[in-house]
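Convention: sequence-line order gives letters A, B, ...; per-chain numbering from 1.
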Amino acid sequence: MHDMFKRYGTGLTTMILLVTAFWILILLILPNLTMFESSFRPYLPVTEVGGPRDVYSFANYGRILGAHTDLSVLGITFEVPVRVKVFILTIYYSAVVTLITFALAYPLAYYLAKIVSPKSLPTLFLLLFVPLWVSEILRSFAWFIILAFKGPLNVALMSLGIIDSEIRWIAGFSPVIIGLVYTYVLFMLFPLYNSMQSLDSNQIEAAEDLGSPWWRTHWRVILPHAKPGIASGAVMVFMLSAGSLLVPSLLGSTTSGWFTQTIQGVMLEEADWNTGAAFAFLLLIVCTLFVSLMMRVFGVRLSDIAK
Amino acid sequence: MSAGIDLDNVVCDFGSFRAVDHVNVSIQPGEFFSFLGPSGCGKTTILRMISGFIEPTGGVIRIGGKDVRGQRPNQRPTALIFQNLALFPLMPIWENIAFGLEVRGVNKATRRKRAEELLALVDLPGAADKMVSQLSGGQKQRVAIARALAVEPSVMLLDEPLSALDLKLRQHMRAELRAIQKRTGVTFIYITHDQGEALAMSDRVGVMSQGRLQQVSNPRDIYNNPVNGFVASFVGENNVLTGPVAAPTGGFAVMETPHGRFRARIADGVSGQGVKLFVRPEHMRFSDSPTAENSTPVTVTEVAFEGNFISVHAQSDSGMTFLSELRNDGSAPIPAVGTRLHVSFDPAVAAILPDASIARG
Amino acid sequence: MHKTRDLLGHVYMTAFLIYLLVPLLVMGGAAFNDSKLPTIVPWVGFTDRWFIDLWNDTRVWIAFRNTILVALGVVALAVPIGTAGAILINSISGRWRATLYGLMVAPILIPGVVIGISTLLFWNNFNVGAGLHLSVLGQVSYIASFVMLLVLARLQSFDAGLEEAALDLGASHSQVMRRILLPHLYPAIGAGAAIAFFQSIENFNVTLFTRGGQDTLTVYVFSKVRSGITPTINALALLLILFTLGLAIWWELTRRRKARIEAARAAEARRAEEAMA
Ligand SMILES: Nc1ncnc2c1ncn2[C@@H]1O[C@H](COP(=O)(O)OP(=O)(O)OP(=O)(O)O)[C@@H](O)[C@H]1O
Ligand SMILES: [Mg+2]
């Protein structure tokens, strides 16, 4: 701190500190604390705020246990609250999306990092970047068109004779997964590529030279090296998926609730901000746990994940 | 215009590590003064204290007689040339040079004119509108000098400015720097770990080791009359002999070594253990028979032709290898490998010296 | 021996690019199809009426204006905030640095829903109601992180010796900032501004909770898709894509031109070096 005053002078340093404090305190910490605090307070008419009924409780969190429904896991059926089910399925399908993007992106990252000639890399990257420049809503909208009942996908499949009659794609979780994978696969690809690219090709050749079959080379040499990239990609894709509201709203149906949609309903339709805060806080907790888990499993730090 | 600098018991600590230890020296106005010493001995730290980037832990620094403690770098009449030059890569050459004037509010036309003048002074006309990345190492060097001169400093501080250049260019720039210093009359404080550079360019040299100033003198003196073993062995090469020393008489003393008895100069107050006898290779003479004193029988083991001189390695019967350098001008016969000879030196050119003065903590 | 592997790689790469780009083409193509529903099958006929409809839709224009206003606000705040954060991080060390860095990158990972709700609740305490101003603040809280990361990366290639050199030549701290540090950071600041602008334009989650009834383009498209769509949305999408793509290409070309200039300069320096020897 002393060094900084010396380096930038008193005036500038004070300004830098104030601006950063505004960001960290006013835009980040205090709003989240407010949300945390509100989540324990009841939803009351304005006149009663601060009144005798305005006491802290876990009631808002309890509201996740509302109406019940059935959930089958491995053939066993449980009766669970609807919102809990949505919550669990959101996490589950976000993990599925993460796995699918990894499966899709891994070979591609390897191809870009180690196989393709460096000369064609800039062009390939320019093409890969195009969807990133297109906003998320338009990317989901594109699939909304493609997956429509009388849309291009059904027409194409039928004219190829693969199916006899239209398939209703927009049903259940499949379209949501398709949309999420399409929207976020690049967030898996780029970190993977970055980490693989820093692997010395000689290591791969040495492994092959020692008689290692291709799958073992990947398992023992390439995958371990790509760990930070995997962690970073997994965190990005999972967070974006679990936090996505656009894709499930555009491509989902009544049978595919996403937890963000639950929050949206509570916040904007019921206008119950306190319960909304509680649910948002639950989402934040899950995401934080997931990040910590990834950091633990892959042995990486936050600074490896960001970037 | 140019100012002198006094360092008065200057100390600089980094935590518990003492980088500069009680340095005392008075640098005259208009002098070309070099600090010479091995890497890490505290040279840069001294320079950064003079320019104001580091406050000394103790002692006083005076520039032009005025105590500058507490003055910030931009308030001191010094200009620093950085080890890596630190030219501003995003400005054209002329803006680099005129930057010091720009921040002083000098108008653009004057700045431009002054930049052109300085470019002419450092022998780089026509480079005004180029970018830094277009210049060669030597050209950047000149720009850095011009930029420092532009603020008309009383003192120029140069931190190993030639270390990035190749040998030939370095030799050339030595002369150039010296010429610029004479032309401008500004006090130059020059830092280097290259003894050749220090000896060739400076009016006086201060030799440093482990934060302490070992000797301050003119180059000739530093080379011919080093005050201690560190200075002797850091500047130039030596044959070094060790052994007990008898009581001095008339400024000379005799050292008993396993290779014979040798007499050499000794300063007052030097005695006892930890002293060594130093004699330069160019002072070693060969003869067929023993001389009156300071001689020992040897066998020539290696003769290397170095161009302007010939270096001869000769091993004494007691196992010590003596190095001798003979001038390649025919004044002395060049011995052949395997020849049995006697090697000797004049007591007046050899010195018995104490070790370096080391930190008192 | 690697032939099959390479061939598979090429095939997969091509398939992946098709997978990425075809949906966008389908969406763009539908903007020209003279069909009430946005689709390319069946192809009814070429038309430009969706673009004309779009032009005449006042709600789009309002949403467009709002989007731009919010984006400009976000850029105006996120760029200085992110830059200040990066400079701060870059000049401190130790535990404080790690903590602050964590706080500064965390917003990237926080779900937009959470940011939106927390912003709304916090400002509500001060009787600041929902509206685009809150959208700006909410978006800034995480978009500043992107700017911070970009500027920090650039700062790490900065030679602090340049600041000292300028100080030594008599510059004041603010002159050093204006003439030395900021010019070095401009490329990153420019990139940060661009990212901030586009992130803001496409933001949905934060905006949805903070907008207070006002439309931005994303919210507008969203509401249109849910309630009876016409291909005007496709027309809008196509224009947006072309606009961002145009900017991206311009950016890339500028970058390449700069690289060429730098290479030419380095070559000249080499020649000068050789001429001396
Ligand atoms: N800011 C600092 N903090 C701690 N130690 C330092 C600092 N600056 C320098 N030192 C130490 O002080 C000693 C002297 O450093 P200085 O840079 O003055 O050496 P130098 O003689 O210029 O060496 P070189 O020839 O390598 O440039 C070194 O051991 C160095 O590690
Ligand atoms: Mg140094």
Side-chain angles (χ1 to χ4, degrees), chain A residues 1 3-4 7-9 12 16-17 19-20 23-24 27-28 30-32 34-35 38 107-108 111 115 126-131 133-138 141-146 148 151-152 155 182 235 239 242-243 245-246 250 260 263 267 273 276-277 280 283-284 287 291 302-303 306-307, chain C residues 6 9 12-13 16-17 20-21 23-24 26-27 30 38-41 80-81 84-85 87-88 91-92 101-103 105 107-114 117-119 121-122 125 137 140-141 144 149 163 173-174 177 201-202 204-205 208-209 218 221-222 225 233 237 240-241 244-245 248 252:
Chain A
M1 198 55 36
D3 280 354
M4 198 175 161
R7 191 164 164 189
Y8 296 111
L12 275 176
I16 289 172
L17 287 176
V19 169
T20 314
W23 179 21
I24 302 293
L27 295 185
L28 281 177
L30 291 180
N32 278 290
T34 309
M35 187 182 86
S38 313
L108 202 64
Y111 172 82
I115 299 180
L126 209 63
L127 286 172
L128 285 172
F129 263 108
V130 169
W133 288 97
V134 176
S135 78
E136 193 178 324
I137 187 164
L138 298 182
F141 178 48
W143 281 96
F144 182 83
I145 297 174
I146 292 174
V155 170
Y182 178 76
V235 164
M239 305 295 248
L245 180 51
L246 267 175
L250 283 188
T260 46
I263 299 178
M267 281 295 291
W273 291 7
L283 183 65
L284 184 61
C287 291
V291 175
L302 195 59
S303 51
K307 191 69 273 155
Chain C
D6 292 3
Y12 187 59
M13 180 78 225
F16 193 82
L17 281 176
L20 279 185
L21 299 178
L24 302 178
V26 169
M27 179 173 54
T39 182
I40 54 165
V41 282
I81 287 179
I87 292 177
L88 179 62
S91 38
I92 60 178
Y101 183 84
L103 281 171
V105 297
I108 296 180
L109 299 176
I110 298 178
V113 177
V114 174
I117 292 176
S118 60
T119 306
L121 292 180
F122 176 68
N125 284 345
L137 290 178
V140 165
S141 71
L149 287 174
E163 287 173 355
H173 286 292
S174 60
M177 181 66 73
I201 285 185
E202 79 159 349
F204 177 73
N205 291 5
L208 184 70
F209 290 96
T218 319
V221 172
F222 180 75
V225 175
I233 298 299
L240 283 176
I241 292 176
T244 39
L245 226 53
E252 177 67 14

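- A 4.5 Å side-chain heavy-atom check between A:Leu284 and C:Pro111 finds at least one atom pair inside the cut-off.
- Counting heavy atoms from C-beta outward, C:Leu20 and A:Val130 have side chains that stay 4.5 Å or more apart.
- Of the two parts of A:Ala148, neither the backbone nor the side chain holds a non-hydrogen atom closer than 4.5 Å to a non-hydrogen atom of chain C.
- Using a 4.5 Å cut-off between heavy atoms, C:Val26 touches chain A through its side chain atoms alone.
- Contact of C:Leu137 with chain A is made through backbone and side chain together, with heavy-atom distances under 4.5 Å.
- From A:Ile16, atom CD1 reaches atom OG of C:Ser91 across 6.5 Å, with rounding to the nearest 0.5 Å.
- In this structure, the portion of C:Leu17 lying under 4.5 Å from any heavy atom of chain A is its side chain and not its backbone.
- Minimum heavy-atom separation, C:Phe122 to A:Pro31: CB-CA, 3.6 Å.
- In this structure, the portions of C:Asp6 lying under 4.5 Å from any heavy atom of chain A include both its backbone and its side chain.
- Put simply, the residue from C:Leu88, C:Ile81, C:Ile87 that forms a side chain to side chain contact (heavy atoms under 4.5 Å, CB included) with A:Val19 is C:Ile81.
- Chosen from A:Ala242, A:Pro107, A:Gly276, the residue pairing most often with chain C at heavy-atom distances under 4.5 Å is A:Pro107.
- Put simply, CG on C:Leu208 and CE on A:Met267 are 9.5 Å apart, with the number rounded to the nearest 0.5 Å.
- Taking A:Leu138, A:Leu126, A:Ile24, A:Asn32 one by one and counting their heavy-atom pairs under 4.5 Å with chain C, the maximum is reached by A:Leu138.
- Contacts between C:Phe222 and chain A at a heavy-atom distance below 4.5 Å involve backbone atoms as well as side-chain atoms.
- The two residues A:Trp23 and C:Val140 come nearest to each other via the heavy atoms NE1-O, 4.3 Å.
- Contact of A:Leu127 with chain C is made through backbone and side chain together, with heavy-atom distances under 4.5 Å.
- In terms of heavy-atom pairs under 4.5 Å with chain A, the best-connected choice from C:Val113, C:Asn205, C:Thr119, C:Leu21 is C:Asn205.
- Only the side chain of A:Leu12 has a heavy atom closer than 4.5 Å to any heavy atom of chain C.
- Between A:Pro152 and C:Thr39, the closest side-chain pair of non-hydrogen atoms falls below 4.5 Å.
- With a 4.5 Å cut-off on side-chain heavy atoms, A:Thr34 and C:Ser118 do not count as touching.
- With sequence neighbours left out, the side chain to side chain contact (heavy atoms under 4.5 Å, CB included) criterion links C:Thr218 to A:Ile137, C:Phe204, C:Thr216.
- Ranking A:Leu128, A:Leu246, A:Leu28, A:Leu250 against chain C, the residue ahead of the rest is A:Leu246, based on heavy-atom pairs under 4.5 Å.
- With a 4.5 angstrom heavy-atom cutoff, A:Tyr8 touches chain C via backbone and side-chain atoms both.
- If you measure heavy-atom distances from A:Val155 to chain C, the contacts under 4.5 Å come from the side chain alone.
- With sequence neighbours left out, C:Pro23 forms a side chain to side chain contact (heavy atoms under 4.5 Å, CB included) with A:Ala142, A:Trp143, A:Ile146, A:Tyr182.
- Separating the CG atom in C:Leu109 from the CE atom in A:Met239 is a distance of 4.5 Å, to the nearest 0.5 Å.
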